[in-house]
Amino acid sequence: MEVIIVKSAAEAARKAARIYKRMLDEKPTAVLGLATGSTPLKLYSELVRMCENGEIDFSKATTFNLDEYVGLPEGDPNSYRYFMDANLFDKINIDKKRTHMPCGNADDVNEHCAEYDAKIRLAGGIDLQLLGIGADGHIGFNEPTSSLTSRTRIKTLTKQTISDNARFFGGDPDKVPTHAITMGIGSIMDARMIVLLAFGENKAEAIKAAIEGPISAMVPASALQMHKNVKVIMDEPAASQLRLREYYDWVYERKPEWQKDA
Ligand code: F6R
């Protein structure tokens with residue numbers, strides 16, 4: 001796991017955007033795993049800016065999002081499809097037919113989830129997966145005690161996640177759906193490369209547990225310790241509880257320049 005601590009979320013976004021650019025330059029047909037929430041917003045703005053300037057090309061890329069709420073009507077402004085269209089897909093040169101989200105209104109949820117995993121496999125697997133992290137250590141909506149080998153399925157959100165996400169629903173936790181379809185931890189671990197972004201002090205405890213704690217289903221993000229190509233890019237407040245903080249900086253300062261965006 002590569003731990004990169006930067007001064008601000010904006011710097012992290014620029015760094016992550018360079019990783020996307022490099023991926024798409026090398027493999028224009030790359031399969032990108034995407035996330036929603038507050039964390040990726042600056043990265044998405046940076047990707048939009050780069051696309052407008054002709055610095056990055058999404059025209060042959062395919063995307064799969066991590067998760068979607070269950071039960072929101074189609075076109076609901078709180079659905080993750082709406083979020084992705086508004087913050088990224090409508091602003092870049094991607095073919096919308098190649099952007100995939102779990103469907104929160106599938107008639108047969110189990111069948112839909114199995115199909116979602118199959119579609120990812122058929123597309124050749126995810127080349128670069130973007131993740132945020134919940135204050136409880138979740139990735140996707142894999143809440144604590146999720147199986148570390150889980151595949152795409154329906155999950156019940158914890159009260160903490162519901163209250164954390166109430167800000168998107170006018171502050172009312174009762175409006176937040178209680179269930180979501182999420183790629184499993186096993187599905188996420190299949191990605192060839194993973195970039196996790198974390199900003200703010202309320203992520204510090206989860207980041208410490210994920211990076212330096214034991215691997216445990218109680219901290220789903222700790223499964224990433226078993227992945228061979230993960231970069232965790234965070235700001236200072238998110239890094240504030242890391243015990244080996246100085247070592248991470250020491251390692252990063254000694255990386256050859258060419259390796260930094262790899
Ligand atoms: C969203 C997702 C979640 C979020 C996490 C952090 O697609 O998979 O795991 O990344 O809940 O949310 P924010 O970024 O809003 O703090």
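In listed order, ligands and their atoms are each counted from 1. Note: hydrogens, waters and symmetry copies are ignored here, and every other heavy atom, side chains too, is used.
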* Check whether more than 12 heavy atoms from other residues, nucleotides or ligands sit under 6.0 Å from atom CD of Q160, and answer yes or no. =>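 Above 12, so yes.
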Is [X] salt-bridged to [Y], going by a charged N under 4.0 Å from an acidic O?
| X | Y | result |
| --- | --- | --- |
| K231 | E2 | yes |
| D235 | K203 | no |
| E26 | R22 | yes |

* To do: Just say parallel, tilted or perpendicular for the rings of Y69 and F141, cut-offs at 30° and 60°.
  =>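 Y69 vs F141 ring planes: tilted.
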* To do: Mind listing the closest non-hydrogen atom pair of F83 and G37 along with its distance?
  =>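 Smallest heavy-atom distance, with atoms named: CZ-O, 3.2 Å.
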Measure from every N or O atom of ligand 1 to the protein's N or O atoms and keep only the pairs below 3.5 Å, writing each with atom names and distance to 0.1 Å.
residue	atom	partner	partner atom	Å
ligand 1	7 (O)	T36	N	2.9
ligand 1	7 (O)	T36	OG1	2.8
ligand 1	7 (O)	D67	OD1	2.7
ligand 1	7 (O)	D67	OD2	3.4
ligand 1	8 (O)	D67	OD2	2.7
ligand 1	9 (O)	G140	N	3.4
ligand 1	9 (O)	G140	O	2.7
ligand 1	11 (O)	H138	NE2	2.7
ligand 1	14 (O)	S38	N	3.3
ligand 1	14 (O)	T39	N	2.9
ligand 1	14 (O)	T39	OG1	2.4
ligand 1	15 (O)	S38	N	2.9
ligand 1	15 (O)	R167	NH2	2.8
ligand 1	16 (O)	K203	NZ	2.7

